[in-house]
Number of protein chains: 2
Amino acid sequence: MSGGARGETEYLEAYRASDWPRPSVAVDLVVFTVLDTDLKVLVIRRKVHPFKDAWALPGGFVRVGDGAADRGEDIFAAAQRELAEETGLDPATMYLEQLYTFGAPHRDPRMRVISVAHYALVRPTLAPLVTAGTDAAAVRWRSVAAEADEPLAFDHAEILAHALDRVRGKLDYAPIAFELVPETFTVAELRSVYEAIKGTTYDAGNFRRRFKRMQTDGVIVQAPGKRTTGTKPARVYRFAPEAVAGVSGDDA
Amino acid sequence: MSGGARGETEYLEAYRASDWPRPSVAVDLVVFTVLDTDLKVLVIRRKVHPFKDAWALPGGFVRVGDGAADRGEDIFAAAQRELAEETGLDPATMYLEQLYTFGAPHRDPRMRVISVAHYALVRPTLAPLVTAGTDAAAVRWRSVAAEADEPLAFDHAEILAHALDRVRGKLDYAPIAFELVPETFTVAELRSVYEAIKGTTYDAGNFRRRFKRMQTDGVIVQAPGKRTTGTKPARVYRFAPEAVAGVSGDDA
DNA sequence: AGAATAGTGTCTATCAGACACTATGCA
DNA sequence: TGCATAGTGTCTGATAGACACTATTCT
């Protein structure tokens, strides 16, 4: 900082801006997993008003410090914290990425809330371990396909639709499907994840060819052992993240 | 709303949230155009602290109303308003889309500011008409290739890098190049926009083939007249937005 | 032996990159 | 007439969809 006339200008500018009304800023989370070859999203039953007892996406307010010394937490850190709180899982084990920011003036009946939505991908092996956070009466993995289900609170249906678009689009050019299978997986298992996300079927032979290309590209390597599925056992593979650029999660 | 015990819970919840410190929320704009076959970004010279006299991306605070009656403006509306203020152009003539939200705790030295970055595309025919807004000492179209240029204020270099990634990626699957040519254009003109954005060259013959596919798909239609360029005149075409789904701009 | 899934190979259409070639208007 | 750009055509390699086929294991 500086003093004198510059300092005065600076002070006035800071005063002006901080004197205007400010919105609350939240993060909302669209947490996906694949269970029983079906794409699921994590919903919680709200304990408090508004939308008490309704299903909603997990989320919470970004911690903003008061003043110059404490500036609060980063937005991505807030999303990680909420993800941990609302699932009981270690956020380092999940893929997390910022999605879109929703800020319609009346999206929250209480007050002006701007929500930075994120989406997360949880391995099916971890999905059954989620536990309800303190602000939730219950958590549930809800099928994304279940349109006729109970409506979601706030504008969460719109946020979910956005997240679906993003994941479906990103599936074609980014290695995100690997976040939704166990550490080791078969060709058929990876295919079923693609099918669950896209909502279509993939030809088994053609998908295998694509799979093989990823193998020759070094994205996938064979893992020891086989998976027995009641019929001919299948080879298992492992994702090789070291061969892929930009797998860090949030790209900001 | 409701009364009684529910009302009390509701009140307490609202009180709690609104009593916490809140951040200022801004919109920043990455405004692109193509001039002289070069991709340019609009920068302003700051009039006030912090970063006084430095180049920065245009932007401003989102107007947030005070209380239940006035809730302020929508985020997209704020971006449109800033776009109009900072360019002097009608925002309806430009493509505008939300990009990413930046909220590192110390990205603004004054206070906690969360910025919802957007990017805009301006036709080269309109680009020379931009005028500086009230908070800018000057505006300039700056080449994005000019790495060795003066640094940008705040985290605006990072925002610009994000916007470049988005535009370059989206160019391949969305009809955004049409936002950067005049109403009617030749094959070569559209190709030079692709080249300016991607920073590479395209084979003229192959690009023409791609162009023709868009024509048979109804995305492009021939327009009357020819463009004379000092040599053999070229046919001119027009974008046919009615044939393309999802050209609305912001997709929220 | 039969069912079911794992795994392979082929044909075809589409599209991109490389590149040779023709057509036309202006200096 | 020559040059520069407009515009056309061809060859090749990579990939996706459709689909027929073989291989292996469990019951």
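The structure displayed is predicted, hence computed values, not measured ones. Throughout, protein chains are lettered first and strands after them, A, B, ... in sequence-line order, and every chain is numbered starting at 1.
- For B:Phe185 and B:Phe239, the gap between ring centers reaches or exceeds 6.0 Å.
- If you take CZ of B:Phe211 and P of C:dG17, they are 18 Å apart, rounded to a whole angstrom.
- A:Arg210 places its CZ atom 12 Å from the C1' atom of D:dG17, with the value rounded to the nearest Å.
- Distance CG (A:Leu190) to P (C:dA6): 13 Å, rounded to an integer number of Å.
- If you find the closest nucleotide of DNA chain D to A:Arg213 and to A:Ala204, the one lying nearer the 5' end belongs to A:Arg213.
- Nucleic acid contact for A:Arg209: base, since at least one base atom lies under 4.0 Å from a heavy atom of the residue.
- Residues A:Thr231 and A:Tyr202 both approach DNA chain D. Their nearest nucleotides, taken by heavy-atom distance, put A:Tyr202 toward the 5′ side.
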TODO: Carefully, step by step, assess A:Ile197 and A:Arg168 under the rule side chain to side chain contact (heavy atoms under 4.5 Å, CB included).
DONE: CA-CA 6 Å; A:Ile197 293 175; A:Arg168 285 182 178 148; 3.9 Å; yes
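- The shortest distance between the side-chain N/O atoms of A:Arg235 and the OP1/OP2 oxygens of C:dA6 is not below 4.0 Å.
- A salt bridge does not link A:Arg191 with A:Asp203: every distance from a Lys NZ or Arg NE/NH1/NH2 to an Asp or Glu carboxylate oxygen is 4.0 Å or more.
- Nucleotide C:dC15 holds its C1' atom 15 Å from the CZ atom of B:Phe207, rounded to whole Å.
- Nearest-nucleotide assignment on DNA chain C puts the 5′-proximal partner with A:Tyr237, out of A:Tyr237 and B:Thr228.
- The separation between A:Met214 atom CE and D:dT15 atom P is 12 Å, rounded to whole Å.
- Comparing atom distances between the A:Pro233 side chain and each of C:dA16, D:dT5, D:dT25 picks out D:dT25 as nearest.
- Closest to the side chain of A:Asp203, from the set D:dC19, C:dA16, C:dG17, is D:dC19.
- Proximity of the aromatic rings of B:Tyr100 and A:Tyr100 is defined here by a centroid distance below 6.0 angstrom, and this criterion is not met.
- Between the CZ atom of A:Arg191 and the P atom of D:dA16 there is a distance of 16 Å, given to the nearest Å.
- The side chain of A:Asn206 sits closest to D:dC19 out of D:dA6, C:dG17, D:dC19.
- Not one side-chain nitrogen or oxygen of A:Arg208 sits closer than 4.0 Å to the OP1 or OP2 atom of C:dA6.
- The pair A:Asp149-A:Arg140 meets the salt-bridge criterion, since a charged nitrogen lies less than 4.0 angstrom from a carboxylate oxygen.
- Picking from C:dT8, D:dT25, C:dT24 the nucleotide with the shortest atom distance to the side chain of B:Lys232 gives C:dT24.
- A straight line from CD of B:Gln215 to C1' of D:dA6 spans 14 Å, rounded to a whole angstrom.
- Nucleic acid contact for B:Lys226: none, since no nucleic acid atom lies under 4.0 Å from a heavy atom of the residue.
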